[in-house]
Every structure is written in C-alpha cells, then in structure tokens.
A.B. asks: 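Questions regarding the structure given below will be posed in turn.
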Amino acid sequence: MDSLAAKLTTLTEQAFSALGLPVEHARVAVSGQAESAQFQCNGAMPSAKAAKKNPRQIAEEVIAKLQELDSEGVFALLSVGGPGFINITVADGFIGSHLTDLAGDQKEGVPKLAKGETVIIDYGGPNVAKAMHVGHLRSSIIGDALRRMMLATGYKAIGDVHLGDWGTPMGQIISEYELRHPEWPYFTGGDFSSFDPQITMVQLEEIYPFASKACKDDPERAEKARKATAELQNGHPGYRALWTTFVEVSIAGMKNNFDALGVHFDLWKGEGSVHHLISLMVERLKDQGFAREDDGALVIDVALEGDKKEIPPLILYKRDGAVMYGTTDLATLVDRMNENHPSKIIYVVDQRQSLHFEQVFRAARKGGIVPESVELTHAGFGTMNGPDGKPFKTRAGGVMKLEDLIGMGVEKARERLREAKLAEDMPPKEKEDVAHKVAIAAIKFADLQNNRVADYVFDLDRMTAFEGKTGPYLLYQAVRINSLLKKAAEQGMKPGTEFSLQDEERPLALLLSEMPDQIAQALKNYSPHIVCDYAYRVAQEFSSFYGNCHILSETDEVLRNSRLALCALTARHLRTLLALLGIEVPERM
RNA sequence: GAUCCCGUAGCUCAAUGGAUAGAGCAACUGCCUUCUAAGCAGUAGGUUGCAGGUUCGAGUCCUGCCGGGAUCGCCA
C-alpha cells in the first residue's frame with residue numbers, strides 16, 4: 001500500500017512526462033510548511049536550466065497539466081510558492097478514501113519491500129563468561145528492531161546472536177580452571193563424561209576478569225592462556241568438554257536477559273560453531289594464491305589500489321596457530337552462504353570495528369566467499385558515553401549490568417503506578433506485567449530514538465523516564481485509545497468505514513498516510529530512530545486531536561463514527577510501529 | 001602522523017540539497033465536575049564550531065582551519 005505522497009507522485013510523473021520534463025524530479029513530498037500546503041513538489045527548480053525556462057513558469061505549466069489530468073477531483077488547491085515550489089493541497093475526500101483503504105489493508109500500512117529474500121542480521125554478540133552489561137543494549141535492541149522491520153516488510157529475516165566463544169578469553173578461562181583444579185578429569189586425561197564441574201555464572205563472572213588481569217600482568221600466565229586457546233581450537237577433548245559446559249551456563253544467563261528485553265534470535269551460533277569450516281577455507285585461499293605467510297602468521301592481503309588509508313592484512317592464523325575473530329567471521333560467511341543463501345548480511349556492531357569489517361568484507365569478496373551481488377553491511381553504532389563524555393561507567397567505576405538496568409526500570413515503573421494510583425484494581429500479576437512492559441518500552445525507546453551512527457550519552461534518569469518523548473508516553477496514548485474504543489463498544493457505538501474530515505482530524509489523517517514512506521526510509525538507512533520519531537509524532541498528533549474534541553459525546557453520528565474509525569486506525573498504526581521496534585503495548589495501564 | 005566519525009537551544013537529540021532549523025528535558029503561563037493530566041494549549045530560548053567554495057537554494061555537498069572521539073597486524 002502506497003503513501004499519499006507516493007500516490008500523488010504518480011500523478012506528477014504523468015504531468016512531468018507529458019511536458020517533457022525529467023520524471024525523476026517529479027517526486028512529491030510532505031510539505032515543509034504545513035501552513036501553506038500539505039504536499040510539495042520541488043521538481044520545477046532543477047528542471048529549469050535544461051528547459052531554459054523560469055522555474056515558476058514551469059511550475060505553472062505543471063499545475064495546469066495536473067488540473068487537466070485530474071479527473072477524479074484529487075486536488076483541492078495547487079499553487080506556486082517561492083522560487084518555484086509546487087504546493088499541493090488535496091481534497092478531503094481523497095484523504096478519506098485513502099484512510100478507508102488503509103483501514104482495510106492487511107499489512108497495516110507496512111510497505112512490501114521484498115519478496116522473501118533472506119537477510120541475516122548479526123547482533124547481540126554477547127561474550128561467553130561475561131555478564132551482559134549496558135554496552136550490549138544498543139546492538140541487541142537495534143538489531144532486533146531491524147530484524148522485525150525486515151520480517152514485516154517481506155524479507156525472510158534471520159537473527160543470529162553470534163556469540164563470542166572462541167577467542168583468547170576462552171583460553172584464559174580454561175587455563176585458570178586448570179590452575180585452580182588441576183585434578184579435574186578434563187586436565188588429567190581421565191573420563192569426564194559424567195563429571196560435573198558445577199560451574200555457575202557467578203563463578204564465571206569472577207574467574208574471567210581475574211584470569212584476564214593475570215594474563216595482562218604476567219607474560220608467562222598469558223602464554224599459558226594462549227596455549228590453551230590454541231589447544232581448544234585444535235580439539236583438545238577435555239578443554240572442549242569444559243568449554244561446552246561454561247558456554248551452556250553462559251547462554252542460559254544470556255537468555256534471561258534477552259527474554260526480559262524481548263530480543264529474539266533465530267540462530268544461537270557462535271564463533272566456535274564454524275571452526276570445522278576454517279581449514280578448508282584457508283586451504284582454498286592458499287590455493288588461490290591469496291593467503292601468505294608473514295612473520296609466522298598466515299595472512300591475506302586486502303589492501304587495494306587507491307586506498308586512502310593503509311588497510312592491514314587480515315590475519316587467518318596467528319603465530320601460535322590459533323585463529324582470531326577475523327578468521328571466524330570469514331568462516332561464518334562461508335557457513336551463511338552455504339546454509340542460508342542470503343541476499344544481505346547486516347552486522348549491528350560497534351562503529352569502532354569498521355576497519356575489521358572492511359578487512360573481512362574485502363577478504364570475503366577476494367576469496368569468492370561472498371559474491372558482489374550479496375550485500376554486506378556494517379550497520380555500526382556509536383559509543384554509549386557517560387555524562388562526562390567518556391565511555392559509560394557506573395559511579396563505582398564498573399559497568400552496569402543489563403539486569404540491573406532492567407530491574408531499576410521496573411522498580412521505577414512500579415513506584416510510578418503507585419504514585420499515580422493507576423492499576424490499583426489490577427491483579428498483582430497483571431500489575432507486574434504492566435510495570436515490566438513500561439520499563440522495557442522506556443529503555444528500548446530511549447536507546448532506539450538516537451541516530452544509530454552517532455555516539456550518545458547514557459543517562460539513567462532519561463532511560464527510565466516516563467514523560468515526554470518516551471516509550472511509556474507512546475504506550476499511554478495507545479492504551480488510552482483502546483480504552484476509548486472499549487467504552488464506545490460498551491455503549492453500542494461502532495467505528496465507521498467512511499472518514500469525514502474536518503480541521504481537527506486532518507493533520508492526524510495526513511500523518512497516518514505517511515506510514516509506508518517512514519518505514520521504508522528507516523529500513524533504507526537501517527535506522528530505527530526514524531520509526532521512533534514517526535511513532536512519537538503520531539502519538540502526539542493523536543493526543544492533540546483527543547484533547548481538541550470529545551468523541552463519545554459527539555451527537556453527529558456520522559462524525560462520531562468517523563472519529564472512532566480514526567482512533568481505531570491510529571491505535572493499529574501505533575501498535576504496529578511499536579511492534580516494529582520490539583515494544584509491546586499492554587491491554588491497560 | 002594517517003584515516004574515519006562527530007560539533008545544531010542551558011542539557012539530550014531530530015531535520016531524503018528545499019521555503020520561517022524542529023522535538024523532549026529543565027524554566028515560565030494556563031487547563032482535570034465529559035472519553036486515563038504518564039496528558040493538552042502557550043511563552044521564552046539559535047551567527048547550526050570558524051572561514052571560504054559549489055548550487056536557483058547549504059545544518060546537509062567540497063576545501064581549509066579549530067575542538068572532541070575512534071581506529072591504525074597477532075584482543076574482541
């Protein structure tokens with residue numbers, strides 16, 4: 001289903017084409033100044049030079065042609081503004097019938113942008129043995145939103161968590177266990193098939209930082225870790241078994257966090273799950289003459305002529321024979337091409353890794369692992385900073401755990417419910433559910449509304465705020481509409497199928513008709529904040545409409561039913577938009 | 001040093017090359033005896049870091065400078 005602007009563009013294209021003007025300039029957009037027009041077409045100005053005419057004159061001609069072509073009474077007012085803007089105001093009947101179509105649209109205004117092409121989205125990327133912290137928030141939330149948006153617009157979207165489970169930290173942990181428990185059968189060569197090391201997340205959260213620091217301070221200790229990493233990767237059975245147990249424990253912990261956030265993954269693969277593909281992949285790269293030895297390591301050159309900066313080669317094998325994440329990322333591409341045949345692969349990973357992805361992508365193209373026809377995108381995001389402008393740390397200097405952030409949000413939501421004396425009549429279970437949904441909406445919206453590429457400041461108060469441009473505000477508006485519709489139904493009133501528009505509802509109606517363009521724009525840039533911004537504007541426009549006219553007491557039945565229909569349509573749009581962002585609307589609050 | 005990103009209201013952020021640069025927070029003024037005030041209506045707040053250039057038109061594109069951040073081979 002097209003937006004109103006898109007429908008109008010087909011008309012201006014006809015006019016431009018009939019006048020011999022370049023059709024690519026015919027695009028109609030929502031007007032920048034709502035006082036003078038609803039829509040505008042700027043095409044007269046760029047066409048002026050080639051046509052050797054005054055842009056205002058061209059605009060006049062386009063307008064005349066539009067009026068000539070307009071057999072259905074689409075246009076209410078056409079005029080030329082400023083240097084040659086074509087200002088368009090459409091007839092209310094045109095908007096109304098558009099809304100009727102929209103109300104009957106199965107897709108709820110979500111555009112169809114694909115025909116089932118597979119796209120893999122790589123996000124989350126939590127590391128084994130580490131507690132998830134607020135730093136994992138952006139990747140998880142943005143990635144999940146993109147997955148939902150792509151799924152809704154017709155892609156076969158696959159989310160992959162891509163665990164960090166195969167690098168140096170693994171060796172650090174294994175060697176630490178070996179130092180502490182040399183008697184464990186993993187290390188003595190005994191039978192470990194029924195041995196339970198009783199590993200817990202709490203224990204891992206102590207062991208990993210301890211081992212990591214020990215390796216940093218002591219080269220000999222680090223050497224042990226390096227060796228353990230290489231042996232793990234080369235198939236040491238005891239190490240593998242121990243590794244498997246702590247990976248499982250870690251995944252259970254991650255799932256708690258992701259479930260609480262409502263972040264979904266289709267695949268729970270990790271760096272380690274593609275290890276079996278590496279040797280063959282590297283052999284091929286050698287045969288192709290791309291892999292070469294350098295200072296004891298095996299590397300592939302990825303520098304190209306005309307590079308503005310030096311792109312170092314990608315290291316396939318380190319001097320000690322272990323692989324790094326560049327190798328596993330490359331092997332993961334082999335795996336994805338084999339298993340999923342995607343048309344796009346999108347990485348939602350910190351912007352600071354852009355050089356790494358440049359290297360991996362180049363190596364993948366060079367080695368013929370991923371053909372040019374498959375899009376490889378690093379949808380990087382900026383760093384989350386504290387109020388001091390430096391990477392966020394808690395007051396104690398540590399990182400804030402994700403579960404702590406969620407816990408604080410939920411507690412604040414409970415408090416707010418008490419204060420506002422809301423939800424008093426709800427059963428405790430529902431009340432708790434509402435508090436949780438409000439907290440998640442707050443956290444997700446606060447994060448998603450920031451432009452993906454820019455760094456942003458993490459502010460706990462802002463993240464758990466419920467007023468203004470926040471997730472809870474959007475929930476509140478959606479719930480308020482539902483409550484209104486419920487009351488209407490109780491009184492036997494039904495939303496109509498026709499829309500009769502007046503000044504009060506016109507801005508909202510026009511805004512709702514932008515939905516497909518907004519979603520397409522957000523997806524084009526992989527920027528959920530565009531959906532956030534749009535959803536907020538819809539909620540705000542509704543709230544304004546709601547404040548301007550009382551609906552249930554409206555005596556004109558046609559008008560009342562039209563307004564109810566507008567409410568129903570708004571509620572549906574809001575729910576759909578929030579769903580694209582991974583935000584759930586409670587029944588009541 | 002090289003490369004990339006960022007610089008917009010007191011603060012946090014928006015603005016497919018389009019007209020008079022917009023929101024939220026904070027501040028101030030009103031509005032709950034009709035549908036949920038987590039709300040609505042309004043006031044105030046700007047030399048878009050600086051200087052040039054391209055364009056009919058620049059916060060947006062180009063060049064230079066200033067300021068901040070990131071990255072630049074065996075961590076991820």
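As a basis for the values below, the full set of heavy atoms in this structure was taken, side chains included, without hydrogen atoms, waters or symmetry mates. By convention in this document, chain letters (A, B, ...) are assigned in the order of the sequence lines, proteins followed by strands, and residues within each chain are numbered from 1.
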A.B. asks: What's A/Ser483 touching, base or sugar-phosphate or nothing? Going by heavy atoms closer than 4.0 Å.
C.D. replies: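 Here A/Ser483 touches the bases of the nucleic acid.
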A.B. asks: Both distances under 3.5 Å, Watson-Crick or G-U wobble: report the partner of B/A51, or none.
C.D. replies: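 Paired with B/A51, as far as the under-3.5 Å criterion goes, is B/U63.
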A.B. asks: Check the distance between B/G39's P and A/Tyr473's OH and give it to me in whole angstrom.
C.D. replies: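 Nearest whole value for this atom pair: 7 Å.
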A.B. asks: Could you tell me how far B/G59 sits from B/U47 if I compare only their P atoms? Round to whole Å.
C.D. replies: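 Those two atoms are separated by 14 Å.
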A.B. asks: Taking atom types as they are modelled, would you say the side chain of A/Asp329 forms a donor-acceptor pair with the base of B/A76 within the 3.5 Å cutoff?
C.D. replies: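 Not at all, since no donor on one side and acceptor on the other fall under 3.5 Å apart.
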A.B. asks: Which part of the nucleic acid, if any, lies within contact of A/Cys41, taking any heavy atom under 4.0 Å across all strands shown: a base, the sugar-phosphate backbone alone, or nothing?
C.D. replies: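 No contact.
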A.B. asks: Say we look at B/A44 and B/G22: how far apart would their P atoms be, to the nearest angstrom?
C.D. replies: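 Between the two P atoms, the distance is 14 Å.
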A.B. asks: Of A/Leu355 and A/Glu35, whose closest RNA chain B nucleotide lies nearer the 5' terminus?
C.D. replies: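 Per heavy-atom nearest nucleotide, the more 5' residue is A/Glu35.
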A.B. asks: Out of B/G39, B/A76, B/U36, which nucleotide sits closest to the side chain of A/Pro169?
C.D. replies: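 Of all the options, the side chain of A/Pro169 is nearest to B/A76.
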A.B. asks: In whole angstrom, give me the gap between the C1' atoms of B/C32 and B/G69.
C.D. replies: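 After rounding to an integer number of Å, I get 48 Å for this pair.
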A.B. asks: Determine if the base of B/C13 is syn or anti; take syn to mean the glycosidic torsion is within 90° of 0.
C.D. replies: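 Nucleotide B/C13 adopts anti.
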A.B. asks: Taking the side chain of A/Thr168 as its heavy atoms from C-beta onward, which of B/A76, B/G18, B/A70 lies nearest to it?
C.D. replies: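 Nearest listed nucleotide: B/A76.
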A.B. asks: With a 3.5 Å cut-off and just heavy-atom distances, do the side chain of A/Asp294 and the base of B/G73 make a donor-acceptor pair?
C.D. replies: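 Yes.
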A.B. asks: Please pick, from B/U36, B/C40, B/C35, the nucleotide with the shortest atom-to-atom distance to any side-chain atom of A/Val479.
C.D. replies: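 Output: B/U36.
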A.B. asks: Before accepting this row, confirm whether a basic side-chain N of the pair A/Glu557/A/Lys494 lies closer than 4.0 Å to the acidic partner's carboxylate O.
C.D. replies: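 Between A/Lys494 and A/Glu557 there is no salt bridge, as every charged N stays at least 4.0 Å from the carboxylate O atoms.
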A.B. asks: For residues A/Ile583 and A/Leu475, determine if any side-chain heavy atom of one lies less than 4.5 Å from a side-chain heavy atom of the other.
C.D. replies: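 Yes, side chains in contact.
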A.B. asks: From CZ of A/Phe445 over to C1' of B/U12, roughly how many Å is that when rounded to an integer?
C.D. replies: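 Rounded to whole Å, this separation is 14 Å.
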A.B. asks: Rounding to a whole Å, what distance do you find between A/Met426:CE and B/U36:C1'?
C.D. replies: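 After rounding, the gap between these two atoms is 11 Å.
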A.B. asks: Determine the contact category for A/Asn450: base if any of its heavy atoms lies under 4.0 Å from a base atom, sugar-phosphate if only primed atoms, P, OP1 or OP2 are that close, otherwise nothing.
C.D. replies: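 Sugar-phosphate only.
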A.B. asks: Less than 4.0 Å between a side-chain N and a carboxylate O, is that true for A/Asp307 and A/Arg362?
C.D. replies: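 A salt bridge links A/Arg362 with A/Asp307.
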A.B. asks: Under 4.0 Å between any heavy atoms, over every strand shown, what does A/Ser553 touch: base, sugar-phosphate, or nothing? Just pick one.
C.D. replies: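 If one applies the 4.0 Å heavy-atom cut-off, A/Ser553 turns out to touch a base.
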A.B. asks: Do A/Lys469 and A/Asp533 sit within salt-bridge range, that is, some charged N less than 4.0 Å from a carboxylate O?
C.D. replies: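 Yes, this pair counts.
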A.B. asks: Is there a side-chain contact between A/Gln540 and the phosphate of B/G24, meaning an N or O under 4.0 Å from OP1 or OP2?
C.D. replies: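 Affirmative; the distance criterion is met.
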A.B. asks: Roughly how many Å is it from CE in A/Met463 to P in B/C13, rounded to a whole number?
C.D. replies: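 After rounding, the reported distance stands at 12 Å.
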A.B. asks: Do A/Arg480 and A/Tyr546 form a cation-pi contact, if we require the NZ or CZ to be under 6.0 Å from the six-membered ring centre and within 45 degrees of the ring's axis?
C.D. replies: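 Checked: cation-pi criterion met.
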A.B. asks: Does a side-chain N-to-carboxylate-O contact under 4.0 Å join A/Asp447 and A/Arg138?
C.D. replies: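 Looking at A/Arg138 together with A/Asp447, the answer is yes, because their closest N to O distance falls below 4.0 Å.
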A.B. asks: Could you pick out which residue, A/Asp320 or A/Pro472, lies toward the 5' side of RNA chain B when each is mapped onto its nearest nucleotide?
C.D. replies: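 Per heavy-atom nearest nucleotide, the more 5' residue is A/Pro472.
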A.B. asks: Would you say A/Arg480 places a side-chain N or O within less than 4.0 Å of OP1 or OP2 belonging to B/A38?
C.D. replies: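 So the side chain of A/Arg480 is outside the cut-off, no N or O lying under 4.0 Å from OP1 or OP2 of B/A38.
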A.B. asks: Salt bridge or not for A/Arg226 and A/Glu223, using N-O below 4.0 Å?
C.D. replies: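 Counted as a salt bridge, because a side-chain N and a carboxylate O are separated by less than 4.0 Å.
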A.B. asks: A/Asp295 has a side chain; which of B/C74, B/A38, B/A14 sits nearest to it?
C.D. replies: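 Closest of the options to the side chain of A/Asp295: B/C74.
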A.B. asks: If you only use heavy atoms from C-beta on, which nucleotide in B/C35, B/A38, B/A23 is closest to the side chain of A/Arg416?
C.D. replies: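 That would be B/A38.
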A.B. asks: How is A/Gly468 classified with respect to the nucleic acid when contacts are heavy atoms under 4.0 Å: base, sugar-phosphate, or nothing?
C.D. replies: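 It contacts sugar-phosphate atoms only.
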A.B. asks: Output yes when at least one side-chain N/O atom of A/Lys487 is less than 4.0 Å from OP1 or OP2 of B/U36, else no.
C.D. replies: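 Checking B/U36 against A/Lys487, a side-chain N or O does come within under 4.0 Å of OP1 or OP2.
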A.B. asks: Mind calculating the distance between NZ (A/Lys213) and C1' (B/C75) to the nearest angstrom?
C.D. replies: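 Checked: the NZ to C1' distance equals 17 Å.
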A.B. asks: Contact class for A/Ala297 (heavy atom, under 4.0 Å): base, sugar-phosphate, or nothing?
C.D. replies: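 The residue A/Ala297 makes base contact.
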A.B. asks: Using atom CG of A/Asp455 as one end and atom P of B/C13 as the other, report the distance to the nearest whole Å.
C.D. replies: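 Value for this atom pair: 9 Å.
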A.B. asks: If you check every side-chain atom of A/Met45, which of B/G18, B/A14, B/U20 has the closest atom?
C.D. replies: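 Taking heavy atoms from C-beta onward, the closest nucleotide is B/G18.
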A.B. asks: Report which part of the nucleic acid A/His529 touches: base, sugar-phosphate, or nothing (heavy-atom distance under 4.0 Å, all strands).
C.D. replies: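 Touches sugar-phosphate only.
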A.B. asks: Counting only side-chain nitrogens and oxygens, does A/Ser543 get under 4.0 Å of the OP1 or OP2 atom of B/G39?
C.D. replies: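 No, outside the criterion.
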A.B. asks: In whole angstrom, give the distance that lies between atom CD of A/Glu541 and atom C1' of B/G22.
C.D. replies: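 For the pair A/Glu541 CD and B/G22 C1', the rounded distance is 14 Å.
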A.B. asks: Select base, sugar-phosphate, or nothing to describe what A/Gly167 touches, counting heavy atoms under 4.0 Å on all strands.
C.D. replies: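 Counting heavy atoms under 4.0 Å across all strands, the contact made by A/Gly167 is with sugar-phosphate only.
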A.B. asks: The side chain of A/Leu417 is closest to which nucleotide in this list: B/A38, B/A37, B/G73?
C.D. replies: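 That would be B/A38.
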A.B. asks: Any base atoms under 4.0 Å from A/Asp165, or only sugar-phosphate, or nothing? Heavy atoms, all strands.
C.D. replies: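 Since no nucleic acid heavy atom lies under 4.0 Å of A/Asp165, the category is nothing.
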A.B. asks: What integer distance in Å separates A/Asp350:CG from B/C75:P?
C.D. replies: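 Distance check: A/Asp350 CG to B/C75 P gives 19 Å.
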A.B. asks: With heavy atoms under 4.0 Å as the rule, sort A/Lys49 into base, sugar-phosphate or nothing.
C.D. replies: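 The residue A/Lys49 makes sugar-phosphate contact but no base contact.
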A.B. asks: Could you work out which one of B/G24, B/G39, B/U20 sits closest to the side chain of A/Gln33?
C.D. replies: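 For the A/Gln33 side chain, the nearest candidate turns out to be B/U20.
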A.B. asks: Counting side-chain heavy atoms from CB outward, which of B/A23, B/G69, B/G18 is closest to A/Lys469?
C.D. replies: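 Ranking B/A23, B/G69, B/G18 by closest atom to the A/Lys469 side chain puts B/A23 first.
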A.B. asks: With rounding to whole Å, what would you report as the distance between B/A76 and B/A70 at their C1' atoms?
C.D. replies: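 So the two C1' atoms sit 16 Å from each other.
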A.B. asks: Taking the basic N atoms (NZ, or NE/NH1/NH2) and the acidic carboxylate oxygens, is any pair closer than 4.0 Å for A/Glu205 and A/Lys130?
C.D. replies: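 Judged by the 4.0 Å cut-off on N to carboxylate O distance, A/Glu205 and A/Lys130 do not form a salt bridge.
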A.B. asks: So what does A/Gln40 hit on the nucleic acid, given a heavy-atom distance under 4.0 Å: a base, only sugar-phosphate, or nothing?
C.D. replies: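 Since a base atom lies under 4.0 Å of A/Gln40, the category is base.
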A.B. asks: Using both distances under 3.5 Å as the test, list the Watson-Crick or G-U wobble partner of B/A2, or none.
C.D. replies: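 Answer to the pairing question: B/U71, which forms a Watson-Crick or G-U pair with B/A2.
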A.B. asks: For the pair A/Lys412 and A/Glu415, find out whether any cationic side-chain nitrogen is under 4.0 Å from an anionic carboxylate oxygen.
C.D. replies: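 Salt bridge absent between A/Lys412 and A/Glu415.
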A.B. asks: Please determine if A/Asp556 and A/Arg560 form a salt bridge, counting it only when a charged side-chain N lies under 4.0 Å from a carboxylate O.
C.D. replies: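 Salt bridge flag = no for A/Arg560 with A/Asp556.
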A.B. asks: Using a heavy-atom cut-off of under 4.0 Å over every strand shown, decide if A/Pro313 touches base, sugar-phosphate, or nothing.
C.D. replies: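 The residue A/Pro313 makes base contact.
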A.B. asks: Ring-on-base stacking between A/Tyr476 and B/G39, under 5.5 Å between centres and under 30° between planes: is it there?
C.D. replies: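 No.
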A.B. asks: Which base sits across from B/C28 as a Watson-Crick or G-U pair, both distances under 3.5 Å?
C.D. replies: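 Pairing partner, where one exists within any strand: B/G42.
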A.B. asks: Across all strands shown, which nucleotide pairs with B/G22 by Watson-Crick or G-U wobble geometry, both distances under 3.5 Å?
C.D. replies: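 Answer to the pairing question: B/C13, which forms a Watson-Crick or G-U pair with B/G22.
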A.B. asks: Mind checking if A/Arg319 touches a base, just sugar-phosphate, or nothing, with heavy atoms under 4.0 Å?
C.D. replies: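 The residue A/Arg319 makes base contact.
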A.B. asks: Give the nucleotide from the list B/A76, B/U36, B/U12 with an atom nearest to the side chain of A/Tyr546.
C.D. replies: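 Among B/A76, B/U36, B/U12, the one nearest the side chain of A/Tyr546 is B/U36.
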